[in-house]
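Below is one structure, written out as structure tokens; the observations come after it.
Note that these values count all heavy atoms, side chains included, but never hydrogens, waters or copies made by symmetry. Whatever order the structure lists ligands and atoms in, that order sets their numbers, starting from 1.
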Amino acid sequence: MIAENIKQVLSELPEEVRLVAVSKFHPNEAIEEAYRAGQRVFGESKVQEMTAKYETLPKDIEWHFIGHLQSNKIKYIAPYVALIHGIDSYKLLTEVNKQAVKINKTVNCLLQLHIAREETKFGFSMDECREMLASNEWKELKNVRICGLMGMATNTDNIEQIKTEFCSLNKFFQEVKSTWFAHDESFRELSMGMSHDYHEAVAFGSTLIRVGSKIFGERSY
Ligand SMILES: *Cc1c(COP(=O)(O)O)cnc(C)c1O
């Protein structure tokens with residue numbers, strides 16, 4: 001099942017778009033099945049859960065942290081995390097840098113933008129993000145690498161609404177790229193799209209889709 005679902009999703013993706021298989025709340029056995037099908041990039045939203053899985057599963061898995069990250073937990077994932085998707089404040093970026101310095105590593109990060117209508121989702125507003133980048137202070141943080149942007153659309157059946165939000169994030173990505181990262185090849189990821197909206201996300205330039213339930217089935221919390 002899992003293997004077939006992965007093949008199905010991959011068959012619909014342009015070659016340059018990568019699939020993050022969101023395995024949160026699913027056991028190691030499910031990840032192993034995906035791994036046997038060739039999947040190597042997995043997304044988790046809880047530090048403890050991801051770390052336990054990292055410790056017991058094959059070491060060539062690329063672990064992406066997609067949840068809301070608390071400063072005091074950065075140190076547990078910094079040594080092995082491949083990409084942190086949800087940097088939603090300058091403070092958090094400095095905290096990641098601090099932990100990365102301690103272990104002499106550079107940690108890859110995405111800035112999370114709030115594009116949804118819901119109040120509850122985390123992330124910078126576009127103005128906050130511009131302000132942060134314009135201050136140039138972030139350039140002193142030598143142990144974090146800003147690789148792009150991440151966003152979640154409103155959880156709705158209104159496709160037009162979703163498209164509008166992905167379109168605006170794509171435009172903002174182009175603006176940020178040309179204003180602050182024009183000569184930085186690392187800045188190239190646009191993480192958007194989940195099980196119910198990844199087709200729309202890909203149409204608007206997503207490079208990383210984060211798909212969980214479509215691959216692993218419903219989660220039991
Ligand atoms: C859980 C989660 C996903 C995956 O959601 P599905 O609807 O199961 O595909 C993607 N992104 C984030 C940030 C998540 O927390």
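Applying the 4.5 Å side-chain rule to ILVMFWY residues, one finds Ile66 in the same cluster as Val22.
Taking the salt bridge (charged side-chain N to carboxylate O under 4.0 Å, His left out) definition, one finds that Glu95 meets it with Lys91, Lys98, sequence neighbours left out.
Ligand 1 has no nitrogen or oxygen under 3.5 angstrom from a nitrogen or oxygen of Ser45. Polar contact with ligand 1: present for Ser195 (N/O pair, distance under 3.5 Å).
Of the residues Val17, Leu19, Val211, the one that meets the side-chain contact (heavy atoms from CB on, under 4.5 Å) test with Tyr198 is Val211.
Close approach to Gly212 involves these atoms of ligand 1, each under 4.0 Å from a residue heavy atom: 4 (C), 6 (P), 8 (O), 9 (O). Atoms of ligand 1 lying under 4.0 Å from at least one heavy atom of Val211, given by number and element, are 9 (O).
Comparing heavy-atom distances from atom 2 (C) of ligand 1 across Met194, Lys24, Arg210 singles out Lys24 as nearest.
At least one heavy atom of Met152 sits less than 4.0 Å from an atom of ligand 1. Within the structure, ligand 1 has Arg219 among the residues with a heavy atom less than 4.0 angstrom away.
A centroid separation of less than 6.0 Å is found between the aromatic rings of Phe181 and Trp138. Here the two rings, on Phe187 and Phe173, have centers that are under 6.0 Å apart.
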